[in-house]
Amino acid sequence: MTPEQLSDVVRSAVAAAVERGVLSVAVPDEVVIERPKNPEHGDYATNVALRLAKTAGRPPREVAEVLAGELRGVEGVSAVDVAGPGFLNVTLAKDALGQIAVRVVAAGEAYGRTEVLAGQRLNLEFVSANPTGPVHIGGTRWAAVGDALGRLLTASGAHVTREYYFNDAGAQIDRFALSLLAAAHGRPVPEDGYAGDYIGEIAAQVVATEPGVLELSEADQQERFRVLGVDLMFAEIKRTLADFGVVFDVYFSERTLHETGALEKAVARLREQGHVFEADGAVWLRTTTFGDDKDRVLVKSDGETTYFAADCAYYLDKRERGFDKVVIMLGADHHGYIGRYKALVAALGDDPDVNLEILIGQLVNLVRDGEPLRMSKRAGTVVLLEDLVAAVGADAARYALARASVDQQIDLDLDLWSRQTNDNPVFYVQYAHARISSLLRGAADLGLPLGEAGDVDTAALAHQREGDLLRALGEFPRVIASAAELRAPHRVARYLEELAGTYHRFYDSCRVLPRGDEEATPVTTARLWLCAATATVLRNGLAVLGVSAPERM
RNA sequence: GCCCCCGUAGCUCAGGGGAUAGAGCACUGCCCUCCGGAGGCAGGGGCGCAGGUUCGAAUCCUGCCGGGGGCACCA
């Protein structure tokens, strides 16, 4: 019996008590099942009696006693105790608990998927680095976290489109083009221009692609360097992200908003809503009406539209594509955008609390030899996605970035994460998977297949450590669901570390394969299922994080 | 000045109101005739401070004190 099934059982018990007139409450939609920390508190606990006590008008312990009476005798439940202020502690029958292993193996890759977010159409935008340079460490964090979040949301039943918005218009791109042009002519980097080896490389590629380009007029040259340079840079960004295991459904060009008239349409739409005014020769959106700390310019006095105006058009475009909710992941240096973004959503007539979600992630510092690597564009110490992967490998990089809460600034220790020892969390988890794989290979060599689910004596899993492992496996779907709802992929990583530890403890006290000339027993088979189930969950969990689950290390 | 994030064990961090606050590392002492010791067991140690809400607060609210980051007719 899984926690989800137990939740239904308890809910039914409440309904039954109400039906019989021994309890007078509204039956709750959801009954929370917890895994008690103290093993003396049974396999599972619920605070349902504490929650219902007030409406029932009776002491929590009395409500708990009523429900305990209903639960005793339910198949699969071996004991129910009322404890503390009114908790119900439930102990499952050994075979019912052991069935979790069978369910996991039977579900395979699907174990962990739920429908808690079914019906939601989400647009998940992340990375969105401008094609003026390679992806740096900040974008890399979002690549790891955003990709994991996308997988989590999908696993929880949401319809997710992963989107990358790239600015291929505006002043930054002009500076990029001018920097390429200067490099091609061997001139110094222009003021506010981009430096770095990649500028020279891309400039050379542009010339190689279009040999006559340097013969054109200065304006035409700049245009060609812009077009080809952006294409080359963006191709490079896509390639490094793909090597990192991150691929987007949509790569959205800001330029198209200008070219299709979407910008004018958005401004017109905002004007219709009555929130646009003109001052100092510029066109403004009165975002202060919706809680922003100052009004924002849409069209500058020189006639150029602002980045903010493009944001409006882009948001509108997403909504017109049918997304219920626009989720945007930004770095902490962009937190000031939240106010104006919410205001623009409200100004367009949507509800910012429903249709928009902005996730802010704190910054990443790299540490090597105990010393922080301060990033500085001027000092040339910008750390790139590729640098990180080169230093620790893609698996460790993704895991390290995804295992921390996004609210936490992280100091990523390159020494630690490149180490092949158990103080490196990703190796600890991967090692557990490799160890199980090795054991299952050993079982196969001994001619011990898992066999049919119906032939497993799950009651044979009676050891304390087996119970611990089964309960841990039973948590996985809830971990995935809550990580998706809370937009917190790091919870999956932490869970996997805990699961790996629980497995090692089981392994240490429970011999799986027969030794020497011993015969296999029902316990052998049941434990093999338990091992296979653990491997499945480790694999599924690592897959969510985009990290490999090696069978050998 | 205003805004955002953080403050939990010696260190790096988990803990979406619930029972005795956890993990890894580090430290001390242990455990292989045996499936991967890249493992396990035991021990010491902690919620920045002060109020509030609640039957119950590390968790929610307010203030203060520390640390990090951000304020543009830039993108």
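Below, chain A is the first sequence line, B the second, and so on; all start at residue 1. What you see is a predicted model; the values in this text were computed from it and never measured.
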Which is true for A:Ala443 with a 4.0 Å heavy-atom rule: it touches a base, it touches only sugar-phosphate, or it touches nothing? nothing

Show, in sequence, the C-alpha distance, side-chain angles and deciding distance for A:Glu163 and A:Tyr314, and conclude whether the side-chain hydrogen bond (donor to acceptor under 3.5 Å, both in side chains) test is met. CA-CA 12 Å; A:Glu163 193 146 325; A:Tyr314 185 35; 2.7 Å; yes

Mapping A:Arg465 and A:Pro85 onto RNA chain B by nearest heavy atom, which one lands closer to the 5' end? A:Pro85

Within the distance-only criterion (no hydrogens, no angle test), does the side chain of A:Asn38 pair as donor or acceptor with the backbone N or O of A:Glu40 below 3.5 angstrom? yes

Are A:Arg175 and A:Thr132 packed together at the side-chain level, in the sense that at least one heavy-atom pair is separated by less than 4.5 angstrom? no

Please map the stems of RNA chain B, keeping only stretches of three or more Watson-Crick or G-U wobble pairs with both distances under 3.5 angstrom. B:1-7 with B:65-71, B:10-13 with B:22-25, B:27-31 with B:39-43, B:48-52 with B:60-64

Scan A:Ala310 against the nucleic acid and name what it touches under 4.0 Å (heavy atoms): base, sugar-phosphate only, or nothing. nothing

For a quick check of understanding: with a heavy-atom distance under 4.0 Å over all strands, which category does A:Leu486 fall into, base, sugar-phosphate or nothing? base

Less than 4.0 angstrom from a charged side-chain N to a carboxylate O is my criterion; do A:Arg398 and A:Asp395 meet it? no

Side-chain N or O of A:Gln362 closer than 4.0 Å to phosphate OP1/OP2 of B:G70: no

Pull up the glycosidic torsion of B:C32 and say syn or anti, syn being anything within 90° of 0. syn

Here the residues of residues 290-299 of chain A within 4.0 Å heavy-atom distance, strictly under, of RNA chain B are A:Lys294, A:Arg296, A:Val297

A:Phe277 six-ring centre to A:Arg286 NZ/CZ under 6.0 Å and within 45° of normal: yes

Let me see the working for A:Leu359 and A:Val406 under side-chain contact (heavy atoms from CB on, under 4.5 Å), right down to the final yes or no. CA-CA 9 Å; A:Leu359 305 176; A:Val406 293; 5.9 Å; no

Between A:His504 and A:Tyr428, is the ring-ring contact (aromatic ring centres under 6.0 Å, His included) condition met? List the steps. CA-CA 10 Å; A:His504 289 312; A:Tyr428 184 76; 5.3 Å; yes

Between A:Glu278 and A:Arg271 (salt bridge meaning N to carboxylate O under 4.0 Å), is one present in this structure? yes

Students often get this wrong, so: under 4.0 angstrom with heavy atoms, is A:Asp302 touching a base, only sugar-phosphate, or nothing? nothing

Can you check whether A:Val105's main-chain N or O pairs, donor with acceptor, with A:Trp529's side chain at less than 3.5 Å? no

Which part of the nucleic acid, if any, lies within reach of A:Cys531 when heavy atoms closer than 4.0 Å are counted: base, sugar-phosphate only, or nothing? nothing

Is any N or O donor-acceptor pair between the side chain of A:Asn47 and the base of B:A19 shorter than 3.5 Å? no

If you look at every strand shown and take non-hydrogen atoms under 4.0 Å, does A:Glu551 touch a base, only sugar-phosphate, or nothing? base

Using atom C1' in both nucleotides, what's the gap between B:A26 and B:U12 to the nearest angstrom? 11 Å

Taking atom CG of A:Leu469 and atom CZ of A:Arg527, what is their separation to the nearest 0.5 Å? 11.0 Å

When the nearest nucleotide of RNA chain B is assigned to A:Glu254 and to A:Gly84 on a heavy-atom basis, which residue is associated with the more 5' position? A:Gly84

Report yes or no: does A:Glu518 contribute a side-chain atom to a donor-acceptor pair with the main-chain N or O of A:Arg515 at less than 3.5 Å? yes

Mind listing the residues from residues 497-508 of chain A sitting with a heavy atom below 4.0 Å of RNA chain B? Number order is fine. A:His504, A:Arg505, A:Tyr507, A:Asp508

Distance, nearest 0.5 Å, that separates CG of A:Leu285 from CZ of A:Phe290: 7.5 Å

Could you work out the separation of B:G40 and B:C47 based on their C1' atoms and round it to a whole Å? 29 Å

